[in-house]
Amino acid sequence: MFDGLHDIDWASMEHAYGSAEEVPALLWALRSPDAEERRTALDRFYGAVHHQGSVYPPTAASLPFLFELAADGATPDRAAVVALLVSIGRESLDRGFEDDGTEIEYYPPMGCAQAVAFLRERGLEFAELARDPDPDVRLASIPGLGLFLDDTDRATALLRERLAAEPGMVARLRIVEAAATLALRLPAASQQVRGWLSGLAADPTQAPPTRLAALVQRARCAPDEIGEDLVAAAVGLLRETTRAIPVRRIAPAPSRPTAPTDGVAPQIVAAFEDLDRHTRVYAPTTALLRTFHEALGARVPERTAVLAEQLTSPDPGSRLDAVRMSGELMRTWRGDHTRLLLLVTDQLTTADQEVAAEAAAVLESCHPIAAPARGALATHIDAQRAAHGPNVWAAPDALLRRSHQEAVRALAHLGDARALPSLLVALDSDVDAWRAIQVAGHLPQAADQLVPRLCDHLRRIDLSHQWTEMSANAILSALAALADPAAVPVVVDTLDAVVRHEQDGVTRSTLKALGAFGPAATGARDTIRSLTTAADAHVRPAAVAALWAVDGDLTEVMPLLLGLLDDRITFRISDAADLLGEMGPPASAALPRLRDLLTHDYEWVRVHCAAALWEIGGEAEAPAVLDALLEAMAQNPATANHVVACLDRMGPLAAPALPLLREQLALPRRGGRFESIDHDEELQWVGRTLIARLDPPAPGAPAPRTP
């Protein structure tokens, strides 16, 4: 076995973490009789040689030896090896080639073309694996029939054969998916496969899951042919499929070795837990339904109808997956999501805490549109506190604790003071306090109770350690949002400490917090002034902004800002322009330089400088400002929030922007900065309000929707 393995110069090749000289040992370990050794080797192969789906030269060079392992009946875990082969091939096709089939050039060099060529040469071996006595091997090999066989007649005949022979639902779903993959990859197979799928979908002798899969995969082959009748048919088959699948309890997460958390920010630990949670799939039809949603794309009402059926399933795992899909839809696509939002809200009252927790998490992530859920969230929180006591935030049951915490955070994000009792429990008990701190700034009406507790947490942070930066920054952000001058002394002490420990990241946050307090933080003026010449790229502009906020001395701050406008670091220029815009007409000395910066090669600099020009120079600068804003927004839609905010302030002079505004608001996907739901909802609101002002609607037309 493995003839030629050591003839390859593995050390001359690299994977994600450096030299690939370990690959031979990993391949041998995949044959080990020790299960833990095999698991470790497979994890390492996925983590380094096939890192996040990447296909490096050593990944491709491993394929002949992986095939040997797959073909040898003595190999333990053959199905896992076949799944690895399929993954390498699928990722090579997805990453290595343009839509027209031309190879993508990568640097550093990738092995996609080499991998695809090899796997297609061995396509018939996947046909043999698809007939293997081991059902797990057959299941793992099925996708290869659509990915690597180039003989369309043979491939379609084999898929038909396997569908007739395989009794298991999961295998049948994969066979139908492989047929659609074949049709999309090889146009010569398209008509034959689509006809077969249409026949399967209409065949009453087939089981409902197979018919649903055929309907969905047929839609995947031709999404432009999807109509309302197809969606209605899919919903009907989904209902039949739900009745055909036994209801199962949600399986507990697999146990994993506990990683040491000393010296790791709790936010990082939680992020990895969330990542692990979100990679789990709980229902056998979830992948199929995701495919259907992808094919439906921007058809929000149709997707909502499908999700409504998913969310009423008696199977908790199906509902859990559907809740996540609902969140993805609402965060990615525009539209009226009220119905879907309320369907997700209904999941709060389920007996399955994991489903309830996920529903609350989705409501939090969609908080800009979650107002209709406010009452249900408050009722849910009160019911949990009544049933489990006022300290349910810190409940020992992990699922109950997460369910309650997510609901509290969602309600707090809506600015509802009914979230306050549980937030105070978190801050007083120090159980998951960081999760409460992240949302505390949304409750300014409770500043008198929150600020003393936040200050106490800030005092107790050991600022000499780098890993505490995230926690300190979160507290400072909350204190800045609450803007209670009672926090000034502890924030000033924090500034002295972080400067002493050279914690530049926390220094910047502390300066921003002091700026939020304005003249109440005058006592820190000397320390702030000393930081206006700091070497750190972020600290210096933050110090200048804080100095202006606490002191307001134009003669001192203007030379500093003019210096930042001449900086080579683009965000320093933008920060300076923003502050000059806040100053308004008294900052007129900056006008010549701001005008020059409208020709900067970075559109974000042009946007910030154009907005400052308007605030300082007013109507006289309007033509140049308007040209710069519209050009930047057309070039980079991510600038839209900044652009539209300035256009709103320009009033009637922004009328030439109407066509671009309408074009942006007509897009089906969310836009704005980071394409996030909060930025997009703000963009839509300001854009609609501005359009209504510049081009008033006819009497009786609806007003712009409030985000």
Side-chain angles (χ1 to χ4, degrees), residues 508 511-512 515 528-529 531-534 536-657 660-661 672-673 679 683 686 690:
R508 177 182 55 185
L511 289 166
K512 288 183 177 180
I528 294 171
R529 182 180 289 119
L531 294 170
T532 59
T533 58
D536 182 79
H538 293 279
V539 168
R540 183 179 167 193
V544 174
L547 186 61
W548 169 254
V550 304
D551 199 35
D553 186 343
L554 187 67
T555 59
E556 182 177 17
V557 171
M558 274 302 295
L560 299 172
L561 289 172
L562 292 174
L564 288 172
L565 289 181
D566 290 329
D567 206 295
R568 295 175 60 186
I569 300 175
T570 54
F571 67 77
R572 281 184 166 183
I573 301 173
S574 298
D575 287 350
D578 289 347
L579 184 53
L580 288 164
E582 291 178 24
M583 293 176 175
S588 58
L591 286 173
R593 181 61 181 139
L594 289 170
R595 294 187 191 110
D596 291 342
L597 286 166
L598 293 187
T599 62
H600 197 280
D601 58 1
Y602 188 37
E603 68 275 5
W604 279 103
V605 169
R606 299 198 300 273
V607 165
H608 287 272
C609 291
L613 263 179
W614 168 256
E615 299 300 331
I616 298 169
E619 187 171 344
E621 307 292 339
V625 168
L626 194 59
D627 287 346
L629 293 176
L630 298 187
E631 180 186 1
M633 186 170 165
Q635 178 183 351
N636 182 359
T639 63
N641 290 90
H642 288 77
V643 170
V644 171
C646 186
L647 293 174
D648 187 46
R649 296 192 296 271
M650 293 178 72
L653 294 174
L660 185 57
L661 287 172
R673 192 80 185 273
H679 286 129
L683 173 62
V686 177
L690 181 55

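Quantities reported herein were computed from a predicted structural model and do not represent experimental measurements. By convention here, the first residue in the shown sequence is residue 1.
- Atoms CG and CG, on L565 and L560 in that order, are 11.5 Å from each other to the nearest 0.5 Å.
- Residue N641 comes nearest to G672 through the heavy atom pair OD1-CA, 3.1 Å, listed as atom of the first residue, atom of the second, then distance.
- Side-chain contact between W548 and L561: absent, with no pair of heavy atoms (C-beta onward) separated by less than 4.5 Å.
- Across every non-hydrogen atom of A545 and L579, the tightest pair is CA-CD2, 3.5 Å.
- Residues passing the salt bridge (charged side-chain N to carboxylate O under 4.0 Å, His left out) test with D551, sequence neighbours excluded: R525.
- In plain terms, the two heavy atoms of R606 and L597 that are nearest each other are CG-O, 3.9 Å.
- Annotation: Q635, atom CD; neighbour count of heavy atoms from other residues, nucleotides and ligands within 6.0 Å is above 12.
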Legend entry - Check against side chain to side chain contact (heavy atoms under 4.5 Å, CB included), E556 and T532: CA-CA 11 Å; E556 182 177 17; T532 59; over 6 Å; no
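- Atom CG of L629 sits about 11.0 Å away from atom SG of C609, to the nearest 0.5 Å.
- Distance check: L598 CG to H600 NE2 gives 11.5 Å after rounding to the nearest 0.5 Å.
- At least one side-chain heavy atom of V539 sits less than 4.5 Å from a side-chain heavy atom of L511.
- The OH atom of Y602 sits 8.5 Å away from atom NE2 of H608, with the distance rounded to the nearest 0.5 Å.
- A search for ring-ring contact (aromatic ring centres under 6.0 Å, His included) contacts involving H538 returns F571, not counting sequence neighbours.
- Of all heavy-atom pairs between L554 and P586, the closest is CD2-O, 3.4 Å.
- Atom CG in D601 sits 9.5 Å away from atom OG1 in T570 (nearest 0.5 Å).
- T639 approaches E603 most closely through the heavy-atom pair CG2-CG, 4.2 Å.
- Pairs of residues two or more places apart, or lying in two chains, that qualify as salt bridge (charged side-chain N to carboxylate O under 4.0 Å, His left out) and include a residue from residues 586-597 are D566-R593, R595-E621.
- Rounded to the nearest 0.5 Å, atoms CZ (R540) and CG (L564) are 4.5 Å apart.
- Judged by distance alone, with hydrogens and angles left aside, the side-chain atoms of R529 form no donor-acceptor pair with the main-chain N or O of L547 at under 3.5 Å.
- Of all the heavy atoms in V605 and I573, the pair that sits closest is CG1-CG2, 3.8 Å.
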